[in-house]
Amino acid sequence: MLVKTFCAAVTGLEATVITIEVHLSRGVMFHLSGLADTAVRESYDRIKAAMTNTGYKPPVADMTINLSPAHIRKEGSGYDLPLAIGILSAHGKVSDHLLGNYMMIGELGLDGKLKPVSGVLSVAIRAGKEKFKGLLVPKENAREAAVVDNLEVYGMDNLFEVTRFLNGIERYEPTRVDTRREFSEQQYAFGLDFADVKGQESVKRALEVAAAGGHNVLMVGSPGSGKSMMAKRLPGILPPLSLSESLETTQIHSVAGKLGNGETLISQRPFRSPHHTASQVAMTGGTGRVQPGEVSLAHNGVLFLDELTEFSKSTLETLRQPLEDRKISISRAAYSVEYPCSFMLVASMNPCPCGHYGDPTHRCVCTPGQIARYLSKISGPLLDRIDLHCEVTPVPFVHLAQMQPGEPSAVIRERVIKARQIQEVRYQAYDGIHCNAQMTERLLHQFAEPDAQSLDMLRTAMERLHLSARAYSRILKVSRTIADLEGTEQVQTHHIAEAIGYRNLDRGDWAERGR
């Protein structure tokens, strides 16, 4: 007897429908074809134990199973459930009447219990597009899949429940999630607030500008000056995620297995902070199953690199292409996978090897040559992709004890949202452009062209401060954002002046200043 069940293979963020064909005949052999990995090939041992402990006797027959289409690699333990149901149906224990209406996915424990798997959201989206009536998943994955409209999602606890459902013995209610209500309720639940940061008004202003335009930012300052503290509060002033952004972000985390049990949509912008020992693969993605890396997990959010100079040079250089293209292609011998990675890069570092250059309370013992070599760990092409460089000076204790709480994140966020709304209207006719940081050279000339007076100031600044030529377009992008924060249509002289102040590391004499 031939029976078909349906599952899906997830490659990147996309899922492909996999038809599982099960044929039983006289004999005792087991044959599995269709480019299955080790986890799938081992599934029969789990399935036999799960059947036995659920009350079903595994069939004694020559069993041939094909996973179609055969050219797509099948990976992971999510095929356990559809394989088990296919075998039971071919053995006459489960009716095949409903099998064509439902896609299913899940790992089986030896006791027959269903265990959660990764990538369920992508599978649910594909099931909806292919007009399946419903999706059968482990109970822990049910809320994740239920965000897809027009798809009945049933969270099952074990193999026995699935068989009773397919045989029509027992009815189960599909999982329902009020996506919009839960999404809106969680968007403003931030635990960290800029009101906790005393002083550092110039740095907070730089982070506000960065958030308003989607710019990358580098903070340079002594240890304990508050760089990490402020970076961790940056997501609280970014604009809220849209539903489409949330769905795409949740897909990435689902594929990577980073969603918690029972979690639905990610409603806040992600904040990823990998340790400086992270490898190239951890940063960009890869391994055997080509999982998303840190750059993709930070999609629509913030990638924070603390102690930037401690990262290996090869790891940092892998960021150049993702920062430019906002997507990353991971290629292997047999296939390639593409993940989105549109993120804000926020980095922090010490100004010198001893960490006290520019610190008014400690004396720096580094020579200009040592400082220059230390800064040279960050290559010019990578530094070119960072729009704002700001120096962070420690706040003296006397001021810390006397200062009032700073401006709360909610107030800053309102200004950022207004600036982003201006940019959304401005770039609505341009695909893939949503904020000032994404402007092309043509758009720079169209929307950020300085007047004659501003151009003279920019020329003078580049000559006197030894700014590099690559700083030109970055200054114009940042000045466009500053103008948007003010609600000004034309980029003016003081916008250019403030933007110039955010290019400290481009100054040729940076390592000799203040000695």
Side-chain angles (χ1 to χ4, degrees), residues 12-13 210 214-221 223 227-228 230-232 234-235 249 252-253 255-258 269-333 335-355 370-390 392 437 468 470 474 505-506:
L13 297 186
H215 302 290
N216 303 318
V217 59
L218 171 62
M219 294 180 285
V220 185
K227 304 185 295 294
S228 299
M230 288 183 283
K232 291 175 182 178
L234 183 60
T249 304
I252 295 172
H253 285 249
V255 169
K258 301 295 184 182
R269 294 190 181 273
F271 181 88
R272 303 293 301 182
S273 181
H275 193 260
H276 60 75
T277 57
S279 65
Q280 297 180 51
V281 171
M283 191 68 72
T284 59
T287 72
R289 296 186 62 190
V290 195
Q291 295 291 314
E294 292 292 341
V295 295
S296 297
L297 292 171
H299 181 60
N300 291 323
V302 175
L303 177 65
F304 176 47
L305 302 184
D306 199 7
E307 303 296 345
L308 185 66
T309 52
E310 299 303 319
F311 284 82
S312 71
K313 192 173 184 68
S314 59
T315 298
L316 291 180
E317 292 308 299
T318 60
L319 296 175
R320 288 161 53 177
Q321 183 259 339
L323 283 170
E324 195 71 26
D325 298 340
R326 299 182 182 270
K327 59 184 179 181
I328 185 165
S329 297
I330 305 169
S331 298
R332 295 294 180 264
Y335 58 94
S336 64
V337 173
E338 184 175 279
Y339 289 113
C341 58
S342 180
F343 59 90
M344 278 183 61
L345 174 64
V346 179
S348 68
M349 57 180 281
N350 294 334
C352 64
C354 78
Q370 288 175 319
I371 297 175
R373 284 192 297 272
Y374 183 78
L375 296 176
S376 68
K377 294 180 181 180
I378 312 301
S379 69
L382 179 61
L383 198 62
D384 182 36
R385 289 161 171 79
I386 301 178
D387 302 341
L388 292 89
H389 316 150
C390 50
V392 185
S468 64
R470 66 175 179 264
R474 303 291 171 178
L505 294 187
D506 279 334

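- A search for side chain to side chain contact (heavy atoms under 4.5 Å, CB included) contacts involving A437 returns H215, R326, D387, C435, not counting sequence neighbours.
- When the side chain to side chain contact (heavy atoms under 4.5 Å, CB included) test is applied to A231, the partners found at least two apart in sequence or on another chain are M219, F304, V346.
- Here the straight-line distance linking atom OG of S342 with atom CG of D325 works out to 11.0 Å at 0.5 Å rounding.
- Pairing each heavy atom of T315 with each of Q280, the nearest pair is OG1-N, 3.7 Å.
- With contacts defined as side-chain heavy-atom distances shorter than 4.5 Å, the pair L303/P274 qualifies.
- The shortest side-chain heavy-atom distance between L383 and L218 falls under the 4.5 Å cut-off.
- Annotation: side chain to side chain contact (heavy atoms under 4.5 Å, CB included) contacts of T284 (sequence neighbours excluded): T318, I328.
- Side-chain atoms of M283 and L316, non-hydrogen and from C-beta on, never get closer than 4.5 Å to each other.
- At distances below 3.5 Å, not a single donor-acceptor pair connects side-chain atoms of K327 with backbone N or O atoms of E338.
- Nearest heavy-atom pair across G355 and P351 is O-CD, 3.8 Å.
- For the atom pair CG of L319 and CZ of F311, the computed distance is 8.5 Å after rounding to the nearest 0.5 Å.
- Residue pairs satisfying the salt bridge (charged side-chain N to carboxylate O under 4.0 Å, His left out) criterion with at least one member in residues 309-321, sequence neighbours excluded, are listed as follows: E317-R320.
- Checking side-chain atoms of R474 against main-chain N and O of I386 turns up no donor-acceptor pair under 3.5 Å.
- Between N350 and Y374, some side-chain heavy-atom pair lies under the 4.5 Å cut-off.
- Between the side chain of N216 and the main chain of L345, a donor-acceptor pair closer than 3.5 Å is present.
- The side-chain hydrogen bond (donor to acceptor under 3.5 Å, both in side chains) search around E324 returns R385, not counting sequence neighbours.
- Here E307 pairs with nothing under the side-chain hydrogen bond (donor to acceptor under 3.5 Å, both in side chains) rule; sequence neighbours left out.
- In this structure S279 satisfies the side-chain hydrogen bond (donor to acceptor under 3.5 Å, both in side chains) test with no other residue, sequence neighbours excluded.
- Nearest approach of Q291 to A256, heavy atoms of both residues: OE1-CA, 3.2 Å.
- Between the side chain of H276 and the backbone N or O of L308 there is no donor-acceptor pair closer than 3.5 Å.
- Residues A298 and F343 approach most closely at O-CB, 3.4 Å, considering heavy atoms.
- Within 6.0 Å of the NZ atom in K377, the count of heavy atoms belonging to other residues, nucleotides or ligands exceeds 12.
- Atom-to-atom distance recorded for M230:CE and S348:OG is 9.5 Å, nearest 0.5 angstrom.
- Applying the side-chain hydrogen bond (donor to acceptor under 3.5 Å, both in side chains) rule to S228 yields the partners D306; only residues at least two apart in sequence or on another chain are considered.
- In this structure, the side chain to side chain contact (heavy atoms under 4.5 Å, CB included) partners of P340, at least two apart in sequence or on a different chain, are L13, E248, I252, H299.
- The salt bridge (charged side-chain N to carboxylate O under 4.0 Å, His left out) pairs that include a residue from residues 272-285 are R272-E294, where partners are two or more places apart or lie in different chains.
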